[in-house]
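So the structure is just underneath, and the comments pick up after that.
We count ligands from 1, going down the list as the structure has it; atoms in each ligand are counted the same way. Just so you know, these numbers use all the heavy atoms, side chains as well, and skip hydrogens, waters and symmetry mates.
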Amino acid sequence: MSARHHKVYIIGSGPSGYTAGIYAGRANLSPYMAAGLQPGGQLTQTTDVENFPGYPEGIMGPEMMQQFEAQATRFGLEIAHKMVSEVDLTARPFKLVEDDGEAHTADAVIIATGATARYLGIPGEQEFLGRGVSACATCDGFFFRDQDVMVIGGGDSAMEEATFLTRFARKVYLVHRRDSFRASKVMQERALANEKIEVIWDSVATEVKGNFQGVNAVAIKNLKTGEAREVAVTGYFCAIGHTPNTSLFKGALDMDSVGYLQVKGRSTHTNIEGVFAAGDVADSTYRQAITAAGMGAAAAIDAERWLGEQGIE
Ligand code: NAP
């Protein structure tokens, strides 16, 4: 069977992928998308999104992603609910094989595979996801006004999340497995100086507990003394880092030490001409739906211009 050819092949279906689809569709490029196993990406795991402009009353994450999808398909984006299992970016047109074995070729590829928040993998974490368990204080902190919450981690993310949460929460427990933070000095100092933050050193969370209303406690254990206890909280924020979804591109595309794709300057061009990256897969700093969407638009514009230079319109 011969491979199907596309001018623009988008991998991933979060805000960046769909926005790239809208722009590429409106540029008459007949874009095609492999949406992956979790269409809509990380936003399908959150509840209310209140910080995306245009939704003054807020919107549920999954519903917002359905609207992105509907808008993109209106402009001609073809969506396949499949994973890409192999890519060959060494020659043009690029080759992509999907998980059912179907082969495709593309003049330009936009990578919008996102990142996955890391969780500890303890009992209760997945069960209460979106019902007290979160990996994004910016997204969900607002819902914990005057409540007690817990943040896990000792890096910059944990400091940032804990400090941000003090705007709403009554008390923030910051649980770290060692007796010193790895976070930058300035961010540690800010967290340590905040009266609402209580650091629980040398400790790990062992279980997230709750009931039909959501989280109501987290079991923790002190690694030095062995002491186990429960802390009453309604929010549990895991801030132990994200993993960019880039295993498919190892060895082919430039990445930083953690695996985030590197783009050139303020553009979305990767080190391979015709391959563009947008959203969380290439951004460890902002990680917001709105910034990912903006980068998706930029990737489609970069792709359109680059294709024009190649005489492909
Ligand atoms: P990180 O620097 O890798 O820190 C992860 C933290 O989670 C560490 O303290 C680590 O503990 C802890 N951890 C990891 N696995 C764990 C486990 N299984 N159980 C318990 N604790 C665990 O990740 P990050 O904080 O997300 O930061 C990622 C990058 O983004 C960094 O380069 C950071 O500087 C940057 N960043 C910058 C800003 C900013 O400048 N505004 C904000 C956020 C992130 P150990 O220390 O014991 O290893």
Side-chain angles (χ1 to χ4, degrees), residues 41-42 45-46 51 113-126 128-129 133-141 149-167 172-194 197-209 215 218-231 233 235-247 254-263 277 279-292 295:
Q42 291 182 79
Q45 301 208 333
T46 60
N51 54 8
T113 47
T116 306
R118 291 183 54 219
Y119 284 95
L120 292 176
I122 57 174
E125 257 183 344
Q126 292 305 312
F128 292 107
L129 207 58
V133 170
S134 169
C136 179
T138 316
C139 322
D140 301 323
V149 301
M150 182 180 286
V151 174
I152 311 293
D156 282 339
S157 292
M159 302 304 122
E160 196 169 61
E161 303 260 302
T163 305
F164 182 79
L165 284 165
T166 60
R167 295 180 189 201
V172 179
Y173 296 98
L174 180 53
V175 175
H176 183 42
R177 63 182 173 184
R178 294 185 294 123
D179 60 5
S180 64
F181 289 136
R182 91 171 37 237
S184 57
K185 261 268 165 317
V186 57
M187 293 183 73
Q188 297 194 25
E189 279 167 5
R190 194 173 303 148
L192 289 168
N194 193 312
I197 297 177
E198 177 181 330
V199 182
I200 303 180
W201 300 105
D202 301 312
S203 297
V204 289
T206 54
E207 184 175 355
V208 180
K209 300 189 167 187
V215 172
V218 176
I220 60 168
K221 186 179 169 189
N222 185 303
L223 295 174
K224 282 193 175 152
T225 64
E227 183 209 357
R229 64 184 171 109
E230 271 183 24
V231 182
V233 289
Y236 166 95
F237 290 82
C238 198
I240 61 168
H242 284 73
T243 308
N245 301 320
T246 52
S247 53
D254 286 351
M255 300 176 188
D256 70 8
S257 59
V258 183
Y260 285 95
L261 295 182
Q262 304 276 279
V263 290
D280 287 14
V281 74
D283 170 21
S284 61
T285 308
Y286 300 109
R287 298 196 292 241
Q288 299 302 299
I290 186 72
T291 49
M295 218 174 157

> To the nearest 0.5 Å, what is the distance between CD1 (Ile290) and CG (Asn51)?
Replying inline: 8.5 Å
>> Among all the protein's non-hydrogen atoms, which is closest to atom 38 (C) of ligand 1, and how far away is it?
In response: Asp156 CB, 3.8 Å
> Relative to the heavy atoms of Leu120, which atoms of ligand 1 are at a distance of less than 4.0 Å?
Replying inline: 17 (C), 18 (N), 19 (N), 20 (C)
> Protein heavy atom under 4.0 angstrom of atom 15 (N) of ligand 1, is there one?
Replying inline: yes
>> Strictly less than 4.0 Å: does any protein heavy-atom distance to atom 29 (C) of ligand 1 fall in that range?
In response: no
> Counting only heavy atoms on the protein side, is anything nearer than 4.0 Å to atom 45 (P) of ligand 1?
Replying inline: yes
> Can you tell me which residue and heavy atom of the protein come closest to atom 40 (O) of ligand 1, and the distance to 0.1 Å?
Replying inline: Met187 SD, 4.0 Å
>> Quick check: closest heavy atoms across Ile122 and Ala205, and the distance to 0.1 Å?
In response: CG2-O, 3.5 Å
> For atom 26 (O) of ligand 1, which of Ala117, Ser157, Ala135, Gly153 has the closest heavy atom?
Replying inline: Ser157
>> Could you identify the single nearest non-hydrogen protein atom to atom 23 (O) of ligand 1 and state the distance to 0.1 Å?
In response: Gly241 CA, 4.0 Å
> So, for Gly259 and Thr246, which heavy atoms are closest and what is the spacing to 0.1 Å?
Replying inline: O-OG1, 2.8 Å
> What orientation do His176 and Trp201 show, parallel under 30°, tilted 30 to 60°, or perpendicular over 60°?
Replying inline: perpendicular
> Judged by atom type as modelled, is there a donor-acceptor pair below 3.5 Å linking the side chain of Asn222 to the main-chain atoms of Glu227?
Replying inline: no
> Can you tell which part of His176 has a heavy atom less than 4.0 Å from ligand 1: side chain, backbone, both or neither?
Replying inline: side chain
>> Suppose we measure from atom 5 (C) of ligand 1 to each protein heavy atom; which comes out shortest, and what is that distance?
In response: Ile240 O, 3.6 Å
> Among protein heavy atoms, which lies nearest atom 2 (O) of ligand 1, and at what distance?
Replying inline: Arg182 CD, 3.5 Å
>> I'd like to check Val215 versus Met150 (side-chain heavy atoms, cut-off strictly below 4.5 Å). Are they in contact?
In response: no
> Looking at Leu165 and Gly141, what are the two nearest heavy atoms and their distance?
Replying inline: CD2-CA, 3.6 Å
> Just which atoms of ligand 1 are under 4.0 Å from any heavy atom in Glu160?
Replying inline: 41 (N), 42 (C), 43 (C)
>> Looking only at protein heavy atoms, which one is nearest to atom 17 (C) of ligand 1, and what is the separation?
In response: Arg177 NH1, 3.3 Å
>> List ligand 1 atoms under 4.0 Å from Gly155, heavy atoms only on the residue side.
In response: 4 (O), 6 (C), 8 (C), 9 (O), 25 (O)
> Atoms of ligand 1 less than 4.0 Å from Arg178 heavy atoms?
Replying inline: 45 (P), 46 (O), 47 (O)
> Considering all heavy atoms of both residues, which atom of Ala117 and which atom of His242 are nearest to each other, and what is their separation?
Replying inline: CA-CD2, 3.5 Å
> Where the side chain of Asp280 meets the backbone of Asp283, is there a donor-acceptor pair that is under 3.5 Å apart?
Replying inline: no
>> Under 3.5 Å between any N/O of Ser284 and any N/O of ligand 1: does that happen in this structure?
In response: no
>> Below the 3.5 angstrom mark, is there an N/O of His242, backbone or side chain, next to an N/O of ligand 1?
In response: no
> Between Glu161 and Phe237, which heavy-atom pair has the shortest distance, and what is it?
Replying inline: OE1-CD2, 4.2 Å
> Are any of the N or O atoms of Gly154 closer than 3.5 Å to those of ligand 1?
Replying inline: yes
> Rounded to the nearest 0.5 Å, how far does OG1 of Thr285 lie from CD of Gln288?
Replying inline: 11.0 Å
